Amino acid sequence: MTQIFTDNNCRSDFPVLSRQVHGKPLIYFDSAATTQKPHVVIEREKQYYEQENANIHRAAHFLANEATAFYEDGRKRVAEFINARHPHEIIFTRGTTESINLIAFSFAERFLKKNDEVVISAMEHHANIVPWQMACERKKAHLKVIPMNKRGELQLETLPELLNQKTKIVAITHVSNVLGTVNPVKEIIEKAHLRNIPVLVDGAQAVPHQKVDVQEMDCDFYCFSGHKMYAPMGIGVLYGKEQWLNEIPPYQGGGEMIKKVSFAKTTYNELPYKFEAGTPNVPGVLGLHAAINYMENIGLDNIAKYEKNLCEYAEKQLLALGFVKLIGTAQHKTGVVSFVMDGVHPYDAGTILDHLGVAVRTGHHCAEPVADFFGLTSIIRASFAFYNTKEEIDAFVDALKKVKNMLSPNVS
Ligand code: C6P
């Protein structure tokens with residue numbers, strides 16, 4: 001495993017990075033969709049299924065006790081990783097989407113009433129729009145949106161008007177998956193808390209790139225996905241402050257989330273089990289634990305510094321091409337570089353890039369209002385991780401020149 005992190009010496013930890021696609025070495029620039037997995041994470045899941053597989057919290061036998069201990073260790077490790085006050089403030093979910101849906105449902109059940117307001121922002125992923133729209137529809141409440149400027153920065157001067165006595169919760173993304181904007185979440189939380197409004201932060205695109213400290217940020221809920229931070233798919237985290245999680249009702253009913261069941265009445269389990277109905281993703285938690293160890297071994301600050309450098313280099317090289325327009329030019333950015341090309345449809349660019357070995361994502365990136373805001377239906381997005389290199393960016397830039405020459409040599 002990687003001990004000292006310098007340029008790209010961790011690449012051999014990721015088996016898939018040595019693949020060829022269409023006869024070309026793979027250049028994987030789609031880590032915002034999902035990161036690749038290091039050996040240690042793959043091995044951890046394999047070991048569970050080969051040696052340790054058992055259901056947890058349910059039986060007295062050796063394997064069940066061992067698996068339960070590993071699972072609960074994983075919870076403690078996540079709590080440490082984001083500096084939660086208590087392990088029981090960590091709820092395991094399938095991912096960011098499920099974490100947000102859980103709060104949008106349970107919080108709304110308890111606190112949202114007719115004509116109340118929920119505040120989100122103009123740069124949200126669908127996962128932080130649709131569950132709130134559904135909650136507002138159910139409760140006859142209204143969705144309000146913090147606008148952004150053309151650089152892709154939130155216009156916080158609108159907050160005094162948007163946050164009022166009708167506002168029941170604010171739900172904002174920490175980092176935009178399309179624009180890369182790092183939002184000043186701490187400032188937004190401070191402003192909301194002055195009015196006793198809780199704040200949920202969608203951390204799906206932040207946790208892979210920077211140290212997150214939920215106590216320092218003082219958010220009320222924080223959501224993220226394992227698969228975007230080198231862990232397996234199907235495991236995610238909802239952090240919630242103890243007092244909120246105690247106040248809101250369960251999301252799903254079933255095994256494990258109960259204390260006592262009779263046909264007349266059911267009482268619910270304590271935290272965190274109240275929100276973990278059914279058999280959980282035990283190997284996912286073990287893989288997440290391994291991924292956190294792996295990231296911390298490299299160092300979150302090293303990761304942030306290396307990736308910042310890589311993004312800035314990519315932006316500079318792309319702009320130098322002369323036929324590229326960047327989408328998202330906020331002062332504070334991380335992880336992604338999105339753009340369009342003169343005279344070339346993003347889908348065509350993505351298809352040719354794929355044949356040249358470069359994996360990027362094209363489309364609206366599950367954030368259609370962002371694409372609409374820029375008057376676009378599709379955007380090309382290159383997203384980076386610490387296993388990417390400047391050499392890969394150079395190869396990507398050469399590939400873009402080929403795309404341009406093939407599809408639109410005369411349009412500039
Ligand atoms: N964005 C992307 O390519 P899930 O699917 O639950 O792990 O994550 C949803 C999600 C929520 N918020 C943000 C900011 C996100 O970026 C994502 C996932 C991927 O941008 C897949 S659409």
Side-chain angles (χ1 to χ4, degrees), residues 28-37 78 91-105 120-134 145-146 148 152 154 170-183 185 188 199-210 212 219 221-239 251 281 284-285 287-288 291 311 327-328 330 332-339 346-347 350 354 359-371 376 378-385:
Y28 187 75
F29 283 172
D30 199 17
S31 291
T34 196
T35 55
Q36 297 302 345
K37 317 304 172 203
V78 172
I91 312 295
F92 288 120
T93 63
R94 282 193 299 127
T96 309
T97 303
E98 191 174 53
S99 300
I100 298 172
N101 272 276
L102 191 163
I103 295 304
F105 177 83
I120 61 168
S121 90
M123 63 175 79
E124 299 307 320
H125 185 278
H126 296 166
N128 203 27
I129 302 173
V130 185
W132 298 111
Q133 282 176 325
M134 290 161 75
V145 181
I146 308 170
M148 65 176 164
L154 293 181
V170 174
I172 36 156
T173 195
H174 196 166
V175 173
S176 158
N177 69 317
V178 184
L179 308 167
T181 311
V182 182
N183 284 319
V185 282
I188 297 170
V199 179
L200 173 143
V201 179
D202 171 352
Q205 300 292 351
V207 174
H209 302 294
Q210 62 185 66
V212 167
C219 55
F221 305 103
Y222 197 90
C223 308
F224 58 101
S225 299
H227 73 96
K228 293 187 196 292
M229 50 171 290
Y230 314 97
M233 288 190 171
I235 186 69
V237 172
L238 165 66
Y239 156 81
Y251 175 49
N281 182 352
V285 170
L288 178 61
C311 280
I327 306 297
H332 299 293
K333 282 184 69 176
T334 187
V336 308
V337 176
S338 290
F339 62 96
Y347 181 78
D354 175 50
V360 293
R361 189 172 168 192
T362 58
H364 56 54
H365 309 281
C366 299
E368 223 173 331
V370 174
L376 299 165
S378 189
I379 297 168
I380 308 167
R381 182 187 71 184
S383 58
F384 306 111

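Quantities reported herein were computed from a predicted structural model and do not represent experimental measurements. Nothing fancy with the numbering, it's 1 onward along the sequence. Start at 1 and go down the list; that is how both ligands and their atoms are numbered.
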Counting only heavy atoms, which portion of [X] has something under 4.0 Å from ligand 1: side chain, backbone, both, or neither?
| X | result |
| --- | --- |
| K228 | side chain |
| R381 | side chain |
| A32 | backbone |
| E98 | neither |

Nearest protein heavy atom to atom 15 (C) of ligand 1, by residue and atom, and its distance? H125 CD2, 3.3 Å

Looking only at protein heavy atoms, which one is nearest to atom 12 (N) of ligand 1, and what is the separation? D202 OD2, 2.6 Å

Give a yes or no on whether R94 atom CZ has more than 12 heavy-atom contacts from other residues, nucleotides or ligands under 6.0 Å away. no

Sub-4.0 Å atoms of ligand 1 with respect to non-hydrogen atoms of [X]:
| X | answer |
| --- | --- |
| T173 | 14 (C) |
| C366 | 22 (S) |
| S225 | 4 (P), 6 (O), 7 (O), 8 (O) |

So which heavy atom on [X] is nearest to which on [Y], and how close?
| X | Y | value |
| --- | --- | --- |
| V201 | C219 | CG2-CB, 3.9 Å |
| T35 | K228 | CG2-O, 3.2 Å |
| G234 | N281 | O-ND2, 2.9 Å |
| V336 | V178 | CG2-O, 3.5 Å |

Are any of the N or O atoms of [X] closer than 3.5 Å to those of ligand 1?
| X | result |
| --- | --- |
| R361 | yes |
| T97 | yes |
| Q205 | yes |

Are H227 and ligand 1 in contact, using a heavy-atom cut-off of under 4.0 Å? yes

Within less than 4.0 angstrom of ligand 1, does N128 place any heavy atom? no

Does the side chain of T96 pick up a donor-acceptor pair with the side chain of S225 at under 3.5 Å? yes

Ring pair (Phe, Tyr, Trp, His ring centres under 6.0 Å), that's the test. Do F384 and F29 meet it? Break it down for me. CA-CA 6 Å; F384 306 111; F29 283 172; 4.9 Å; yes

CG on L238 to CZ on F224, rounded to 0.5 Å: 9.5 Å

Answer with yes or no after comparing the ring centroid distance for H364 and H126 against a 6.0 Å cut-off, counting only values under it. yes

